[in-house]
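Chain A is the first sequence line, chain B the second, and so forth, proteins listed ahead of strands; every chain is numbered from 1.
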There are 2 protein chains.
Amino acid sequence: MEELGLRERKKRRTREAIMDAAFALFRESGFDGVSVADVAAAAEVSKPTLFAYFSTKEDLVLRRFLDDTSGPAFVIRNRPSGVPALKALRQSYLQRLAKRDTLTGLNDSTTAITFHNLLYSTPTVMTRLTVYMLAQERELATELFASGELDDEFTANIVAAQVFGVQRILADHNAQEIRSGRTADEVYPAAITRAEKAFDMVEAALV
Amino acid sequence: MEELGLRERKKRRTREAIMDAAFALFRESGFDGVSVADVAAAAEVSKPTLFAYFSTKEDLVLRRFLDDTSGPAFVIRNRPSGVPALKALRQSYLQRLAKRDTLTGLNDSTTAITFHNLLYSTPTVMTRLTVYMLAQERELATELFASGELDDEFTANIVAAQVFGVQRILADHNAQEIRSGRTADEVYPAAITRAEKAFDMVEAALV
DNA sequence: GTATTCTTCTTGACCGAGTTAAGTATTCTG
DNA sequence: CAGAATACTTAACTCGGTCAAGAAGAATAC
């Protein structure tokens, strides 16, 4: 059924080519040292085509890593019945740690490190990531409220904000440890401990 | 002692003129309906001069309201001895509510409403505000850690994130109620209740 | 297999935000 | 009043992002 016509395959290859060209150039000269025109030229497409695939320059960096993120709204909706929302979120986050999801910061592959260096050294990219996270936070809030597990919409918003705030801080810490030269496997146990403590705090807030 | 020379007075007037011109134009035609060239022309300055005073277009909207914010890092540093950090932050926030600080959302003046409409309808302005808030969050985190009241840097980061997350949600709710036509005085009691509950949650997370 | 249609791509021009350089005006200092 | 700072203007430029018109190529009909 996934009959992927030639047209779709081509589009996918073009998309990959653009992302790869961008990543290579950014790694070499930094985000601000490369213009989108440069990227387009390297990927052998025109500038309008590039923007048909990625709506901002920052997305050239972020899109790849955002896609494989199982959104927390999804986690809530598909949790086994009987499992409290926050437990499901905690579990999902621990799984992402185990999988070395790039956005947890706990990934020492060269691409992940380049990614985090770009993120760390380029405010506009960081900002754009924040925008995506805030969108997900709102999704989570509505899903939490819809799940009926929380008193009111206000509390749902607060909890969603706390969950995302916590994940952001956790990612910062993990990425910083990786950036300081330690391996992901080395940091993993401490990362789990921190995550558990952070989620404990969020849960404690609810009592 | 504030012997304000002619030069400083002129600069201050120019700054005001630019902000006022910008605000009037934005209110009329929306943020995206006005170019910085338009603003510069209306304020009778050149574009480079405008950018000497405000580093981005978004700052034309935000600067006025950011200045009167007593930063939370400052609150921590100057609290009476013996008062726990979180109590001081709560107290400071309640004072801002009482003062109808624009950034709490609890202000029904026409300028505040215009401001929040701009904020709500213009993603880039909202994003820029978020950037400022994240900077303050980091300040608060270092100050919290320096105060020695918290176990470690990690916990300090978490708490700072929670405090700012909570304030953001509170502002959203207040602004939304004001936007729906209610007066600030009307909403005030509920705003206090929400704030108390939110800070209770943050404190509960620490035990 | 050719014609038609739909999509995607390219070209080139354009807009607006933000920066830079060189020169002019104005305020401050002695 | 003269000279040193400092603020301002003008003009040109870079870069991110958009738009319109047409060319190229894939899908569908016959």
One thing to verify: whether Arg138(B) and Glu143(B) come together as a salt bridge, which I'm taking to mean a side-chain N less than 4.0 angstrom from a carboxylate O. no
Asp20(B)/Arg64(B) ion pair, N-O < 4.0 Å: yes
Worked check of side chain to side chain donor-acceptor pair (under 3.5 Å) between Asp59(A) and Ser55(A): CA-CA 7 Å; Asp59(A) 283 8; Ser55(A) 46; 3.3 Å; yes
Could you check which of dT10(C), dT9(D), dT26(C) has an atom nearest any side-chain atom of Val45(A)? dT10(C)
Would you mind telling me which of dT8(C), dA7(D), dT10(C) lies closest to the side-chain atoms of Lys11(A)? dT8(C)
[X] [atom1] to [N] [atom2]: how many Å, rounded?
X	N	atom1	atom2	result
Arg15(A)	dC9(C)	CZ	P	12 Å
Glu44(A)	dT8(C)	CD	C1'	17 Å
Phe54(A)	dC9(C)	CZ	P	12 Å
Arg9(B)	dT27(C)	CZ	P	10 Å
Glu8(B)	dT27(C)	CD	C1'	11 Å
Leu50(A)	dT18(D)	CG	C1'	13 Å
Lys10(A)	dA27(D)	NZ	C1'	13 Å

Would you check, one step at a time, whether the test side chain to side chain donor-acceptor pair (under 3.5 Å) holds for Arg96(A) with Thr104(A)? CA-CA 7 Å; Arg96(A) 288 175 56 205; Thr104(A) 63; 6.0 Å; no
Start with the C-alpha distance between Lys57(A) and Ser35(A), add both sets of side-chain angles, then the distance that settles side chain to side chain donor-acceptor pair (under 3.5 Å), and finish with yes or no. CA-CA 9 Å; Lys57(A) 185 184 182 186; Ser35(A) 73; over 6 Å; no
With heavy atoms under 4.0 Å as the rule, sort Tyr53(A) into base, sugar-phosphate or nothing. sugar-phosphate
Under a 3.5 Å cut-off for both contacts, is dT11(C) paired Watson-Crick or G-U wobble with anything, and if yes, with which nucleotide? dA20(D)
Quick note, ring-ring contact (aromatic ring centres under 6.0 Å, His included) partners involving residues 164-195 of chain B, not counting sequence neighbours, are Phe154(A)-His173(B)
Going 5' to 3' along nucleotides 13-25 of chain C, which nucleotides have protein heavy atoms under 4.0 Å from the base (write B), which only from the sugar-phosphate (write S), and which from neither (write -)? ----SBBB-----
Compute both the distance and the angle, then confirm whether Arg63(A) meets the cation-pi test with Phe54(A): under 6.0 Å from the six-membered ring centre, within 45 degrees of the axis. no
Under a 4.5 Å cut-off applied to non-hydrogen side-chain atoms, are Leu206(A) and Leu150(A) in contact? yes
OG1 (Thr142(B)) and CD (Glu153(B)) are apart, to the nearest 0.5 Å, by 8.5 Å
With a 4.0 Å heavy-atom cut-off, tell me which residues in residues 114-130 of chain A come close to DNA chain C, sorted by residue number. none
